[in-house]
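Reviewing the structure listed below.
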Amino acid sequence: MINIYWRTKMPKLKINGKEIEFEKGMTVLQACELADVEIPRFCYHEKLSIAGNCRMCLVEMEKSAKPIASCAMPATEGMNIKTNTPFVEKARKGVMEFLLANHPLDCPVCDQGGECDLQDQSLYYGVDKSRFVENKRDVKEKYMGPLIKTQMTRCIHCTRCVRFATEVAGVPEIGAIGRGENMEITTYLEKSMESELSANVIDLCPVGALTSKPYAFEARPWELKKTESVDVLDAVGSNIRVDTYNWEVKRILPRLNNEINEEWISDKTRFSCDGLLKQRLDVPYIKKDNILQKTTWEEAIDLLVDKIRSVHPNEIAGHIGDMINMENALSFMKFFKTLKSENLEFREKDLYINSDEKMNYIFNSSIAGIEDADIILLVGTNPRHEASILNARIRKTFVQKKIPIFSLGNPGDLTYDYEIIGDRTEDIKKILNKEHSFSQKLLSAKKPIIIIGESALELKSGRYIFEELKKFLIKNNLINDNWNALNILVQNASTVGLLDLKILQGKKEKSSSFFDDLKNRKFKILYLLGSDNLEFQKNDEFIVYQGSHGDRGAEIADLILPSAAYTEQNGLYENLEGRIQEGKKASYPIGEALEDWKIFNQINKKLGFKDKKVNFDELRKEILQTVPNFSEINELPKKSEIKINNIETSFFSEKIFIRELDYYYTNSISRSSKTMSECRQIRQKIKKDGTNN
């Protein structure tokens, strides 16, 4: 039998005499990139709409008397493009002369120096003298909030910031006023930008018009040590670059990863880094006479060992925090196994999680998979605050495909249009029983996405919501080998990794005895590992806090053991998709602080369990062998086998309440950050009186 494969004939054009095949819909600039020809540009950006403002990308086209803007010209069959002729060079030099006509020559004091597109391109296309004798225009600085520093005299009107705010962030707060030489980019009312992604305009700006306010005059790019890592302030796992100067984290920038964060990061990810220096725990502390006093490691561990020996293992409990890497979490679990205590927990609220299979607690459709969706249902979640980058992907899909988005519960402003189809658990029941108008829309969709938030799982009906929705999706073939519509939006970077390490194995998930026992004062020792968000009333428990910051956990602690922050150690993190990524060490722990697994080794040694000593490489090896469905680091997990578990559920009539996050204060690093504190004050002022000037 002969198979005949039909190949669609691709159009061709010539670039500098070389014939290139290109896809229909491409521009001349994109076709030039296929031919490995670099075209200078200022206004063009792959993730933004085409503006054609700067005219720097001029090329010569056969039979055209004038040069053409390659970013805005569609590529067509038979074109003959030349990019390196004297004609093109003269045209680009002319454009550069216009761009520099009003530009202040302040490169030595500009924070963009060394990373400036205008600097780089003027090296090739600039001239050493100007023909303009008129006075240069002067534009006053604009106020854009505590994150963005403006020097608008440098602006070349590429409008990247305007297009980003409108198209990607979904908050059209930046625009142009005036015409010709009087044109200015502004936030209209000169108020702080309200988007959680606002500072990405700093990366987009090709000149020094928009720069980072907290980073102003801190360092030059060539002085910084650059470390590729991942963000742990939410569960998205955005890819970042940590820039350090003398082991001090100076700034955090995004790394390109089209499967997760594209080339954006949230303002919290970018600017919380000043919190890595503030309120740090650098030596152990013991509470004496109700006052925390500095002590030595030996004295601190001796006290802890005495306390452990004086109580029954069932009276010792541990809680793992939101930014703990998998190696440290595993060493903590091994430590508790040595103590013969099973009272371990990581949830900050009593929410329902079924940890029987991986599908039950990850974002199965994947972040990039959102772009394939044809309908989205949000169940008790506000993705804008819980996962800003994921919310940007939903907006991108909404803008490009105009897909319908629905919500159960009221999440507030999400930067895209959505319809609230109910706010009670009865509405979910109606959908499952096909008595709701939405049921048919869901069943007729080819690639629906249902996103269940932690607020929904906190309800008494949490078990019902999750299990019945899952059964409904499997029954109607919306969970299959090609597509999985079931998605859980967890909020903490450590959650998925801890579930994969079987922290909940053999425990009742919803009515967890941990929370009941904590409330009923059954624990005599409570060990908080980087845990600052666990809400409970302290009684007479002996509280050990092991973490990096003097935050909520340290405030109530009787014994403090200082440990390293996420930028000060290597470690694996599993994002909400179940993708394992590696956080890299960018600086060293402060003072006498140690990595968590080293602290547990010291405690085990003092307890007489020398054989229980762990090694970092062994911990990592065990993790990669333990994690279910693991494929490769940085890759999505293998698909789970689809099976129906007939778990009994109870329905409760209640309101689907979406817990409001204090966005800029969700973790100990953000709460220690002066920049995040300023952002929070502005947001509170907006809520109070509607202004933020």
Side-chain angles (χ1 to χ4, degrees), residues 48 51 111-112 137-179 182-216 251 264-272 274 382-385 388-389 391-392 395 399 411-417 660-666 670-671 673-693:
L48 304 175
D111 265 319
Q112 195 82 352
R137 72 177 195 144
D138 180 51
V139 183
K140 73 180 184 73
E141 286 187 33
K142 306 287 188 286
Y143 175 74
M144 289 192 184
L147 306 178
I148 303 165
K149 181 173 181 272
T150 62
Q151 190 90 349
M152 300 315 288
T153 306
R154 299 171 185 159
C155 178
I156 61 168
H157 302 159
C158 69
T159 69
R160 278 187 181 184
C161 55
V162 178
R163 284 174 285 149
F164 173 82
T166 307
E167 296 164 15
V168 179
V171 185
E173 297 174 310
I174 306 181
I177 56 171
R179 297 185 68 183
N182 297 319
M183 179 177 165
E184 294 180 17
I185 304 291
T186 176
T187 52
Y188 303 119
L189 301 175
E190 290 209 26
K191 61 191 185 73
S192 175
M193 286 182 71
E194 290 176 37
S195 168
E196 293 77 21
L197 305 173
S198 65
N200 287 292
V201 298
I202 295 166
D203 298 331
L204 287 171
C205 185
V207 294
L210 304 175
T211 55
S212 168
K213 198 176 269 187
Y215 174 69
R251 65 176 181 177
W264 322 123
I265 51 172
S266 69
D267 293 347
K268 185 163 60 174
T269 299
R270 186 187 297 266
F271 288 116
S272 290
D274 64 325
N382 176 347
R384 181 173 176 179
H385 289 164
S388 305
I389 294 298
N391 191 65
R395 172 171 168 78
V399 168
D413 182 15
L414 292 180
T415 73
Y416 42 80
D417 297 334
E660 192 175 347
L661 278 184
D662 192 350
Y663 177 73
Y664 294 108
Y665 264 28
T666 52
S670 301
R671 286 191 286 268
S673 164
K674 181 175 178 284
T675 310
M676 291 297 99
S677 184
E678 288 173 13
C679 291
R680 182 172 179 256
Q681 285 170 9
I682 288 168
R683 179 159 285 187
Q684 286 175 337
K685 194 177 179 190
I686 294 167
K687 278 186 180 177
K688 189 178 175 185
D689 56 19
T691 64
N692 64 7
N693 293 325

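The figures here come from the full heavy-atom set of this structure, side chains too, leaving out hydrogens, waters and symmetry mates.
- Side-chain atoms of Ser266 come within 3.5 Å of backbone N or O of Thr269 as a donor-acceptor pair.
- Proximity of a side-chain donor or acceptor of Lys213 to a complementary backbone N or O of Thr211 within less than 3.5 Å is not detected.
- In terms of modelled atom types and a separation under 3.5 Å, the side chain of Thr187 and the main chain of Met144 share no donor-acceptor contact.
- When side chains are defined from C-beta on, Ile389 counts as touching Leu197, because their heavy atoms get closer than 4.5 Å.
- In terms of heavy-atom proximity, Arg384 sits nearest to Leu414 at CB-CD2, 3.8 Å.
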Can Asp203 and Arg270 be said to form a side-chain contact (heavy atoms from CB on, under 4.5 Å), step by step? CA-CA 11 Å; Asp203 298 331; Arg270 186 187 297 266; 2.7 Å; yes
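- A donor-acceptor pair under 3.5 Å is formed between the side chain of Glu190 and the backbone N or O of Tyr143.
- Using a 4.5 Å cut-off on side-chain heavy atoms (C-beta onward), Lys268 and Met676 make contact.
- Using a distance-only test at 3.5 Å, with no hydrogens or angles considered, no donor-acceptor pair links the side chain of Arg163 to the main chain of Val168.
- A 4.5 Å side-chain heavy-atom check between Leu204 and Cys161 finds every atom pair outside the cut-off.
- Summarising the geometry, atom CG belonging to Asp662 is positioned 8.5 Å from atom CZ belonging to Arg671; distances are rounded to the nearest 0.5 Å.
- Between Ile148 atom CD1 and Ser192 atom OG the span is 7.5 Å, to the nearest 0.5 Å.
- Within 6.0 Å of the CD atom in Glu660, the count of heavy atoms belonging to other residues, nucleotides or ligands does not exceed 12.
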Check against side-chain hydrogen bond (donor to acceptor under 3.5 Å, both in side chains), Ser272 and Ser670: CA-CA 5 Å; Ser272 290; Ser670 301; 3.2 Å; yes
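- In terms of the ring pair (Phe, Tyr, Trp, His ring centres under 6.0 Å) criterion, Tyr215 has no residue partners (sequence neighbours excluded).
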Verify side-chain contact (heavy atoms from CB on, under 4.5 Å) between Val399 and Glu167, making sure each step is shown before the conclusion. CA-CA 8 Å; Val399 168; Glu167 296 164 15; 5.9 Å; no
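- No donor-acceptor distance shorter than 3.5 angstrom exists from the side chain of Asn382 to the backbone of Gly412, with no hydrogens or angles considered.
- With sequence neighbours left out, Ser198 forms a side chain to side chain donor-acceptor pair (under 3.5 Å) with Asp267.
- Contact annotation: the side chain of Thr150 approaches that of Leu210 to within less than 4.5 Å [non-hydrogen atoms, C-beta and beyond].
- Here the CD1 atom belonging to Ile185 is positioned 6.5 Å from the OG1 atom belonging to Thr159, to the nearest 0.5 angstrom.
- Rounded to the nearest 0.5 angstrom, Tyr663 OH and Arg683 CZ are separated by 7.5 Å.
- Residues Glu184 and Met152 are not in side-chain contact: their nearest non-hydrogen atoms beyond the backbone lie 4.5 Å or more apart.
- Smallest separation of non-hydrogen atoms from Pro383 and Tyr416: CG-OH, 3.6 Å.
- The main-chain N or O of Cys205 is never found under 3.5 Å from a side-chain atom of Arg160 such that the two would form a donor-acceptor pair.
- Atoms CG and CZ, on Asn182 and Arg137 in that order, are 8.0 Å from each other to the nearest 0.5 Å.
- Remark: Phe164 engages Trp264 in a ring pair (Phe, Tyr, Trp, His ring centres under 6.0 Å) (not counting sequence neighbours).
- Residues satisfying the side-chain contact (heavy atoms from CB on, under 4.5 Å) criterion with Pro214, sequence neighbours excluded, are Ser212, Phe271, Thr675.
- Partners of Thr153 according to the side-chain contact (heavy atoms from CB on, under 4.5 Å) rule, which considers only residues two or more places apart in sequence or in another chain, are Pro104, Asp138, Val139.
- The side-chain heavy atoms of Val171 and Met193, taken from C-beta on, include no pair separated by under 4.5 Å.
- The structure places OH of Tyr188 at 12.5 Å from NZ of Lys142, a figure rounded to the nearest 0.5 Å.
- Using a distance-only test at 3.5 Å, with no hydrogens or angles considered, no donor-acceptor pair links the side chain of Ser677 to the main chain of Ser673.
- The two residues Gly208 and Gln112 make their nearest non-hydrogen contact at CA-CB, 3.7 Å.
- Take Gln151 and apply the side-chain contact (heavy atoms from CB on, under 4.5 Å) test, not counting sequence neighbours, and it matches Asp106, Glu141, Arg154.
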